[in-house]
Number of protein chains: 2
Amino acid sequence: MPQADTKTRILDAAEKLFARDGFHNTSMRGITGLARVNLAAVNYHFGSKDALLLAVIERRIVPLNQIRQEKLQTVLEKAQAAGQPPSARQLLQAFIEPTLAFRSSGPGAEDFIALIGRALSEPDETVRACFIQQVLPIFKLLFAGLHQALPELSDQILLTRLQFTMGAMSHMMCASTRPVLHLPGFPEPLQETEMVAELISFVCSGLEAPC
Amino acid sequence: MPQADTKTRILDAAEKLFARDGFHNTSMRGITGLARVNLAAVNYHFGSKDALLLAVIERRIVPLNQIRQEKLQTVLEKAQAAGQPPSARQLLQAFIEPTLAFRSSGPGAEDFIALIGRALSEPDETVRACFIQQVLPIFKLLFAGLHQALPELSDQILLTRLQFTMGAMSHMMCASTRPVLHLPGFPEPLQETEMVAELISFVCSGLEAPC
DNA sequence: AGCTGTTTCAAACGAGTGTTTTAATCATCT
DNA sequence: AGATGATTAAAACACTCGTTTGAAACAGCT
């Protein structure tokens, strides 16, 4: 196969290593070694390691968020057209499903999913801030939609439960490439599609829990 | 106040910095500087940075797991005495509440909670393996109890939902010292006690979701 | 061909890392 | 007091880190 150009090779390698080892635990030499590219190429093409991380995240998250935004808005518009509040399940589906469907979109995509799954709990601001900035508009949309779907919940409670939802979701995203508690004596983990369906059922029930 | 001995000062400082900045992003010089202790003291007392991490985790998690184990077994025994299956809510309470009550146990305890909250999603095996090894017996107990409480769920489904539970829980533990999505335009986060109650309600509903 | 701007390359830089070493200090015992 | 073992101290070790440098190789052009 004709090998991709330098920038792409760097992005692919960085994505894989950032996801597997974390940002600070990944070295420029590791990245350029895996990409079979000169060490200086990263600083030449991206400027710095931080800027490379930003590029890695943005490359994937911009189209992903676009899909999420479209799906969310479709749900909201259909509900408005029907003169009914949107259903919590549909909103969550619009938010969650694209994230994991995205994983099938290419060989490196699953690494990326693990990377952003861990982003929220990253200690380092570099990763976290970059990710939050990208996902905040979508999150606001989801929040507003769920507010209509579950009007009996106060803002505080809804936000709290949404945090739990994000926790369960990001945990699954991390665990996908590396099962967190897959040990002898425990059953095999579910397939991806079933896992997503289970997650949606789980957080739906959680969000709709009685106050 | 009489300052604690060297080992304790190192443990306290390391706990704080590991929790705030992550393991790899914390330097020995940072730890010994905060502890106002000589650089070589860590290697003298603990052997290595890795061994220090293990000591930091074990110091807190051993008594914590003891409490959890006792509470879990009390719930299980009471249920058996009554000839009824234990309730999922009580089992989850026994597992979750001590973790967060633990935070009030001392000035450094909340740092520790954030540290182990992040442990499951840590890319590094050093942290993850240590934590999993410690928590596995408790986890098995919880799993067995929930299996009685929710006999209609298959092993696979239960484990999957328990993973989501761990995700929501660890997310809250990370977020406690640093609210993840606390931004202008969003409501204030809940107090700790209410937060725990909300988490338990959330995961209870999630676990009991219809198949 | 020769020139021009872009990309690659090997090498080095300075700063920071965990760890080790060796000597000095302290506490505790006979 | 003096000797013994535990602890602390300052300094250096070998190594890796992200970044920069300046020359070489390559591209596309007139």
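Convention: sequence-line order gives letters A, B, ...; per-chain numbering from 1.
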> Asp155(B): what forms a side chain to side chain donor-acceptor pair (under 3.5 Å) with it, not counting sequence neighbours?
Replying inline: His147(B)

> For Glu194(B), which residues count as a side chain to side chain donor-acceptor pair (under 3.5 Å) partner, sequence neighbours excluded?
Replying inline: none

> Are Lys7(A) and Tyr44(A) in a cation-pi contact, defined as NZ or CZ under 6.0 Å from the six-membered ring centre and within 45° of the axis?
Replying inline: no

> Sequence neighbours excluded, which residues qualify as side chain to side chain contact (heavy atoms under 4.5 Å, CB included) partners of Ala119(B)?
Replying inline: Val127(B), Phe131(B)

>> Which residues pass the salt bridge (charged side-chain N to carboxylate O under 4.0 Å, His left out) test with Arg60(B), not counting sequence neighbours?
In response: Glu15(B)

> Below 4.0 angstrom from OP1 or OP2 of dT8(C), is there any side-chain N or O of His45(A)?
Replying inline: yes

> Who passes salt bridge (charged side-chain N to carboxylate O under 4.0 Å, His left out) against Glu192(A), sequence neighbours left out?
Replying inline: Arg103(A)

> With sequence neighbours left out, what residues match Ser205(A) under side chain to side chain donor-acceptor pair (under 3.5 Å)?
Replying inline: none

> For DNA chain D, which nucleotides open and close the run of contacts to chain B, 5' to 3', at under 4.0 angstrom from a non-hydrogen atom?
Replying inline: dA6(D) to dA12(D)

> With sequence neighbours left out, what residues match Gln134(B) under side chain to side chain donor-acceptor pair (under 3.5 Å)?
Replying inline: Glu58(B)

Polar-atom pairs under 3.5 Å, protein N or O versus N or O of nucleotides 18-22 of chain C: list them with distances, or write none.
{"unit_1": "dG18(C)", "atom_1": "OP1", "unit_2": "Thr26(B)", "atom_2": "O", "d": "3.3"}
{"unit_1": "dG18(C)", "atom_1": "OP1", "unit_2": "Met28(B)", "atom_2": "N", "d": "3.4"}
{"unit_1": "dG18(C)", "atom_1": "OP1", "unit_2": "Lys49(B)", "atom_2": "NZ", "d": "2.9"}
{"unit_1": "dG18(C)", "atom_1": "OP2", "unit_2": "Met28(B)", "atom_2": "N", "d": "2.8"}
{"unit_1": "dG18(C)", "atom_1": "N7", "unit_2": "Arg29(B)", "atom_2": "NH1", "d": "2.9"}
{"unit_1": "dG18(C)", "atom_1": "O6", "unit_2": "Arg29(B)", "atom_2": "NH2", "d": "3.0"}
{"unit_1": "dT19(C)", "atom_1": "OP2", "unit_2": "Asn43(B)", "atom_2": "OD1", "d": "3.4"}
{"unit_1": "dT19(C)", "atom_1": "OP2", "unit_2": "Lys49(B)", "atom_2": "N", "d": "3.0"}

> Restricting to pairs with a member in residues 157-170 of chain A, which pass salt bridge (Lys or Arg N to Asp or Glu O under 4.0 Å), not counting sequence neighbours?
Replying inline: Arg161(A)-Glu198(B)

Restricting to nitrogen or oxygen on both sides, can you table the protein-nucleotides 23-27 of chain C pairs closer than 3.5 Å?
none

>> Please list all pairs meeting side-chain hydrogen bond (donor to acceptor under 3.5 Å, both in side chains) that have one or both residues in residues 22-34 of chain A, counting only residues at least two apart or in different chains.
In response: none

